K.L.:
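Supplied in structure tokens, the structure appears directly below.
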Amino acid sequence: MSSANYIGRLAPSPTGLLHLGHAATFWTAYQRALEHHGTLLLRNEDLDPHRSKPEYVDAMIEDLAWLGIEWTPPILVQSQRLALYREAFARLLASGFAYPCTCSRRDLAQMVQAPHEEADDEPVYNGHCRPLVEASSTVIEPGVNYRFRVPDGETIRFTDRNLGPQNFIAGLDVGDFLIWRKDGLPSYQLACVVDDDSSRITEVVRGADLLKSTARQILLQRALNMQSPAHFHTHLLRDDRGVRLAKRYDALAIRSLRQQGLTAAEVLQLAARSLLQYE
Ligand code: GLU
Ligand code: ZN
């Protein structure tokens, strides 16, 4: 691949203000695209109907511009692409990769034995609703969640361009994960692979909190006959005691720092310092 073909993306969710962690990851994504003389796209991941807010879309665009991060229009808006996600889901269903899960929120909460790992978003599912044999279907039942059947025992490997070789065991590190929600929307995992594929993303730059999601997405890409992009996971920001900076720490919102009088260069320096300290 010639480096001129590099296509990266910024994929913020408009569920809150961008914070220092986003600044670090998005700045890295921007630098990677520049170094490769590539293209950087912006994707608005607004699929969460309760938490996504138009004012956060405006705020993220303004904050990115203030930081000096440039991307190539047009902005891709996930809520306008439901037909594509539905089509990919139908393919997974038809090829036996998906099954309905009727576990309640409470059932799922009781399943979690180990304390919820801070670095993962989705606990391993115990397989309660998983059919014994793969069954294909052409009907999407409304009001039902669907999961992806992971190949138990198989090691999912990839070489991260920042963190080096990674491996995760299906069924142990990542369980059968949600791909379609009962409210008729795709999960983050499914929407992400469909969009990375249709935008021909060559490298995904994201925080290390999403490493297991990368493993899940590699399985989805395989099942959907899509090529996996390369990956570059950024370290998570820590404060000077080594504590991970929580996502919703309002004081670290880029615009709060800006209102406190910091320049964009100072915000980026602050992000870089928190990154470097605990590598
Ligand atoms: N929208 C996701 C987030 O804000 C990131 C998605 C990604 O990089 O794949 O956490
Ligand atoms: Zn279930």
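Start at 1 and go down the list; that is how both ligands and their atoms are numbered. Only heavy atoms go into these numbers, but all of them, side chains included; no hydrogens, no water, no symmetry mates. Since the structure is predicted, the reported quantities are computational estimates derived from the model, not experimental observations.
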K.L.:
Number the atoms of ligand 1 from 1 as they appear, then name those within less than 4.0 Å of a heavy atom of A11, with their elements.
P.N.:
1 (N), 2 (C), 4 (O), 5 (C), 6 (C)

K.L.:
Measure from NZ or CZ of R147 to the centre of the six-membered ring of Y125 and say whether it is under 6.0 Å with the direction within 45° of the ring axis.
P.N.:
yes

K.L.:
Just to confirm my numbers, could you give the angle made at the Zn ion (ligand 2) by SG of C101 and OH of Y125, rounded to 10°?
P.N.:
100°

K.L.:
Which of the atoms in ligand 1, numbered in the order shown and given with their element, are less than 4.0 Å from a heavy-atom of R206?
P.N.:
7 (C), 8 (O), 9 (O)

K.L.:
In terms of relative ring orientation, are H22 and H19 parallel, tilted or perpendicular, with 30° and 60° separating the classes?
P.N.:
tilted

K.L.:
Report yes or no: does R9 have a heavy atom closer than 4.0 Å to ligand 1?
P.N.:
yes

K.L.:
Under 6.0 Å between ring centres: does that hold for Y99 and Y146?
P.N.:
no

K.L.:
Run the side chain to side chain contact (heavy atoms under 4.5 Å, CB included) check on Y6 and R32 step by step: do they pass?
P.N.:
CA-CA 9 Å; Y6 182 104; R32 302 271 310 158; 3.3 Å; yes

K.L.:
Hey, looking at atom 3 (C) of ligand 1, which of G207, S13, C192 has the closest heavy atom?
P.N.:
S13

K.L.:
By the definition salt bridge (charged side-chain N to carboxylate O under 4.0 Å, His left out), identify the one residue from R81, R9, R200 that meets it with D195.
P.N.:
R81

K.L.:
Is N145 close enough to the Zn ion (ligand 2) to have an N, O or S atom under 2.8 Å?
P.N.:
no

K.L.:
Go through ligand 1 atom by atom and flag the ones less than 4.0 Å from a non-hydrogen atom of Y188.
P.N.:
6 (C), 7 (C), 9 (O)

K.L.:
Can you tell whether the side chains of E62 and R255 come within less than 4.0 Å, N to carboxylate O?
P.N.:
yes

K.L.:
To 10 degrees, how wide is the angle SG (C129) to the Zn ion (ligand 2) to SG (C103)?
P.N.:
110°

